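Here is the structure we will look at.
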Amino acid sequence: MGYDHKAIEKKWQNFWDEDQTFVAPDKSDKEKFYALDMFPYPSGQGLHVGHPEGYTATDIVSRFKRARGFNVLHPMGWDAFGLPAEQYALKTGHNPATFTDENIQTFKNQVKSLGFSYDWNREIKTTDPSYYKWTQWIFEKLYEMGLAYEDEIMVNWAPDFPGGGLVVANEEVINGKTERGGYPVYRKPMKQWVLRITAYADRLIDDLDDLDWPEAIKEQQRHWIGRSIGASIRFAVDGHDGKQIEVFSTRPDTLFGASYLVLSPEHDLVDQITTADQKAAVATYQEEIATKSDLERTDLNKDKSGVFTGAYAKNPVNGELLPIWIADYVLASYGTGAVMGVPAHDQRDYDFAKKFDLRITPVIEGGDIDKEAYSGEGVHINSGFVDGLGKQEAIDKMIAWLEENCAGEKKVNYRLRDWIFSRQRYWGEPIPVIHWEDGTQTLVPEDELPLRLPEMTEEQLKPSGTGESPLANAKDWLEVTREDGMKGRRETNTMPQWAGSSWYFLRYIDAKNGEALADPEKLAYWKNVDLYVGGAEHAVLHLLYARFWNKVLYDLGVVKDKEPFQKLVNQGMILGANHEKMSKSKGNVVNPDDIVNEYGADTLRIYEMFMGPLTQNKPWSEEGVTGSRRWLDRVWRLLINEDGSITDKLTDKADDTLKKEYNLTVKKVTEDLENMHFNTAISTLMVFVNDAYKEDKLPAAYMEGFVQMLAPFAPHLAEELWQKLTGSKESITYVAWPTYDEEALVDDTKEIIFQVNGKVRSKQVLPADASQDDLIAAAKADEKVQKNLDGLEIKKIIAIPGKFVNIVAK
RNA sequence: GCCCUUGUGGCGGAAUUGGCAGACGCGCUGGACUCAAAAUCCAGUGGUGGCAACACCGUGUGGGUUCGACUCCCACCGAGGGCACCA
C-alpha cells in the first residue's frame, strides 16, 4: 500500500473541520500572529495556479507559528463586488448576487481542497449586507469628517465601457485607457463623490519608512504621491487689476531667469486675459487640445506647441513684464495649472523658448545655454539679491523675500489627486446619501444601515441611458419621503470595488459583530497584520487606499495601529511552461484541480514552494510536479512498509546515527522558515531524507522531528505519518516545533582549503581548533601545494582558522 | 527618457559577513532488480583538452578594488515591472 493522497487528504481535511483545529481564540495568553492573504475576486473561471502560491506561503508560516506557540489568525474571504458579475448578469439575466455566491462556493471548494489552515468561522464576503453595512458606516464617517465630498470635476470618462460608460479613478487609467477592458478615456466634467486622500498625503509618505515592505513598492507609492517642495509665486496680470497668476515651482531661486508664463489651455484665467487680436488663435488652440486624448498630448506629441494670449504678467521680483502663453505641456491637473518659464534651466521651457523665440537668461553659472538647459549646481548670477548664493541658500532667501513681499510662500505640492469614489454601477455598495428636493443632502441614519441594494429585474439592470447607474431605474428604492413630507432621491452611484477591500482585514478580527465594525478589545489584541502576501499588481491602488482608510480609522480611535500591514511580501507570478504569462489564448494555463486530483494537494504545495524564491516569477514545469510527488512517495516509503505498517528500521536507541544531519536540518529549516525561504527549506528536508535512506537504523525521535518539519509544507501527509509514528489522536498542529542541539553541530575536524595565488590546489582535514600557524605549517607541507609553489617565492600568507590558507607567491 | 527589480549548467534554482561556484530537484548517462518494461534503489553528470594524474576556461559584457569577487565599485548590454512634458 503506497501513499494514497486522495484518502489521506480527505481524511485530514474532515478531521480539521470536525476538530475545529484552526479556530483562533480571541482571548489568549499566547502572542498573536496575523497572517493574511489578499482575498480573491471569485471569478467564474475559478482558481488559478497563481492563487495557491501566496496562500501556501502564508499557510506554511501560519502552521510554523502555531507550532512555535503563537495564536495565529489566518482567515479567508471574498472580494465579491465587481464588474464581471454585473456584466454577466446583463448578458444572461441572472441575478449578480446568486451568480456571485455560486462562484464563491466554487472558489471555496477549491481552496479547501488544498488544505489551508484558515479559520473558516471568520469567512467574509464584501457583498454581504452585514459586511457592507460597515463599509457604508466608514463612508459616513468620512463624510462627517469632511473627507468625502461631491464635486463637479474633470473625470476620466470611458463612454464605451459596457453598460453605458463609467467614470474611473486616475489610478485606473493606463495610457489613456481603462485598466480593465482597455476602453478609451476622455476628460469630462461630471459630478462625482470624491475622497480627500490628499489630506493624508504626508502621512502616507512618511509612515512608509517604518514598514517592512519591498523597497520597490514603497518607491512606487512615494512616487505616486509625488511630494515636491517648492514655492507658490503670484504674478500680477498687467492691466487687469487684482488678477493674479499663481504658479508652483520647485526652483523659486530661478525667478530672475523667468522670461514668460504658461497657463494650461483649460486654465480659468485664459478667457479673461486674452487680448482681442489673440482671441481667435487662442480659441482655435483650445479647441484643438480639447479633442486630444492624454495619449496624444503626451506620447505622440514630441513637439512643443502653444499660443500667446496677448497679455503680460509682472515678475514680482524685478517688475519685468513677461508674456503669458498657453501650451498643452502644462497640465491643468498638476500644481496650479500654470508655470513660470525659466528656459535657461529647464529643458521643457528651453524647448518652448527656442521654438517661439523667447528670451533665455541664465541665472545659474555653468552649462552651455546655446546647446541645452542647465539644471546642474552652480552659483547664482543675474539674480539681484541672490547673486553668489548656492541652490538651497538661494531658495531659502527667495522664499523669505516672497513671503515678506506677499508675492508667494513656501508650498508643498503633490502629484496625488483625490480619490474618485463613485461608479455608475448596480453591483457595488450603495452610497448612503439622500438628495432632498430642497437641494440639501443627508446621510442615511446610522441605525438604518445597511442600505441594501434593491432586487432588480433584468430590464432594470440595463443602463439608464443617462450615464447614471442602473439604480436610477429602481423607482421604489430610489424615491423617499421624509416624515415632514419632503421628497428625496437616493444617491444612485455605488462605491468602487476598492471600498470593501480597504478594510476587510479588520472585519476578520470580529466577522460577525452586528454592533460595531469590530469589538475594540479584539482589535486591541489582534492589532495589525503581521504578514500580508499578495501580488505586486496592487502596489498602489489597493495598498494605498487600505492605508488611507486605516489612518482615518486610527484618527477615529477605532484601530490602534497607524499602518494596517506591517510586513508585505509580493509573490512572483507563475508563468506557463513557455516562460510566458498564463493565458487562455496562449493555451498554457494549468488548473490546480487537475494537479490536486492526480498528484494531491501536498504535491502542489511542495512543488509551488520548491520552484524557486516566493518573490520571483517562475515557469511551470510538469516534470517538476512529478518530481515533487516522487519525493513525497520517497518520504512515505522511508517510514512505511508496503503493507502499511511502520518500518522496523525505527529505533529508540540513542547513538550518533543521523545526529549531526538532523540537528543541521532543524537549524536550517527553522531559519529558512523565518525568512520565508521555502525552496531551500524543502531542499534541506530532501537532503535529510537522502541521508536517512543510507542508514539501516532510523532514530524515532529524529523521524518524528522530521515529520513535524514537513507538516507546514505537506500537512496531510505529515498528519498521517505522525499518527502512524506516534499513535497520537491529536493533530500535529500544536506540537511544539523541534529544537536543535548546537553542540551536535560542532566538529572535531574541519576540511581546510589550501590555495596558491587564490586558486584551490589542495584540501586537508585538520583539527577544528588548529591555530593559524598550524594551518600554515600544514599547507606548506602539503605535497600539491609544494608542487604549485615550485620555483616561486612566497610573498604573503593569509590563513583563517577553520577555513582556508592562501599562499601568495611569485 | 526616469525609477525599481533582475541576469549563474540542457532546465528550475543554491551559495551566511568578500573565502571550495553549481546544494536540491528536473533531464540525461550507466549499474542493480526484472523474462522484459515501468516503478524503485545506487552511481555519474558545467565546458574544453587528456587513458589518467591533472591543466585551462567558466556566474550578461568591459574595466576596477582585493591575497581572494556570483558577492563590492564604475561603464555598458539584455529581460521584467512601474512612471512619464509633475513645473
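This structure is a prediction, so every number in the text was calculated from the model and none was measured. Naming convention: chains lettered A, B, ... in sequence-line order (proteins, then strands); numbering from 1 in each chain.
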Quick one: label [X] by what it contacts on the DNA or RNA (base, sugar-phosphate, nothing), any heavy atom closer than 4.0 Å.
{"X": "A:V808", "result": "sugar-phosphate"}
{"X": "A:H579", "result": "sugar-phosphate"}
{"X": "A:K667", "result": "nothing"}
{"X": "A:N806", "result": "base"}
{"X": "A:P214", "result": "nothing"}
{"X": "A:K763", "result": "base"}
{"X": "A:S621", "result": "nothing"}
{"X": "A:G627", "result": "sugar-phosphate"}
{"X": "A:Q755", "result": "base"}
{"X": "A:D633", "result": "nothing"}
{"X": "A:Q347", "result": "nothing"}
{"X": "A:N413", "result": "nothing"}

Strictly below 4.0 Å: does [X] bring a side-chain N or O up to OP1 or OP2 of [N]?
{"X": "A:N690", "N": "B:G25", "value": "yes"}
{"X": "A:R630", "N": "B:G27", "value": "yes"}
{"X": "A:N679", "N": "B:A14", "value": "yes"}
{"X": "A:K759", "N": "B:C57", "value": "yes"}
{"X": "A:R415", "N": "B:A84", "value": "yes"}

Distance check, rounded to the nearest 0.5 Å: A:L698 atom CG versus A:D691 atom CG?
11.5 Å
Taking the [atom1] atom of each, how far is [N] from [M], in whole Å?
{"N": "B:U61", "M": "B:G44", "atom1": "P", "answer": "30 Å"}
{"N": "B:G25", "M": "B:G13", "atom1": "C1'", "answer": "9 Å"}
{"N": "B:U16", "M": "B:U6", "atom1": "P", "answer": "15 Å"}
{"N": "B:G80", "M": "B:G60", "atom1": "C1'", "answer": "15 Å"}
{"N": "B:G18", "M": "B:C51", "atom1": "P", "answer": "43 Å"}
{"N": "B:C2", "M": "B:G9", "atom1": "C1'", "answer": "36 Å"}
{"N": "B:A75", "M": "B:A21", "atom1": "P", "answer": "29 Å"}
{"N": "B:U5", "M": "B:C54", "atom1": "C1'", "answer": "42 Å"}

Starting from P on B:U66, measure out to NZ on A:K795 and report it in whole angstrom.
17 Å
Is there a Watson-Crick or G-U wobble partner for [N] with both distances under 3.5 Å, and which nucleotide is it?
{"N": "B:G12", "answer": "B:C24"}
{"N": "B:U17", "answer": "none"}
{"N": "B:C70", "answer": "none"}

Report the C-alpha distance between A:Y260 and A:F352 in whole Å, list the side-chain angles of each, state the deciding distance to 0.1 Å, and finish with yes or no for ring pair (Phe, Tyr, Trp, His ring centres under 6.0 Å).
CA-CA 10 Å; A:Y260 62 97; A:F352 191 78; 5.4 Å; yes
Non-hydrogen side-chain atoms of A:L541 and A:Y545 separated by less than 4.5 Å
yes
Looking only at side-chain atoms of A:R761, point me to the closest of B:A55, B:C4, B:G25.
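The answer is B:A55.
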Kindly indicate, with the supporting measurements, whether the criterion ring pair (Phe, Tyr, Trp, His ring centres under 6.0 Å) is fulfilled by A:W620 and A:Y607.
CA-CA 10 Å; A:W620 185 265; A:Y607 174 61; 5.0 Å; yes
Does any donor-acceptor pair link the side chain of A:K304 with the base of B:C85 at a separation under 3.5 Å?
yes
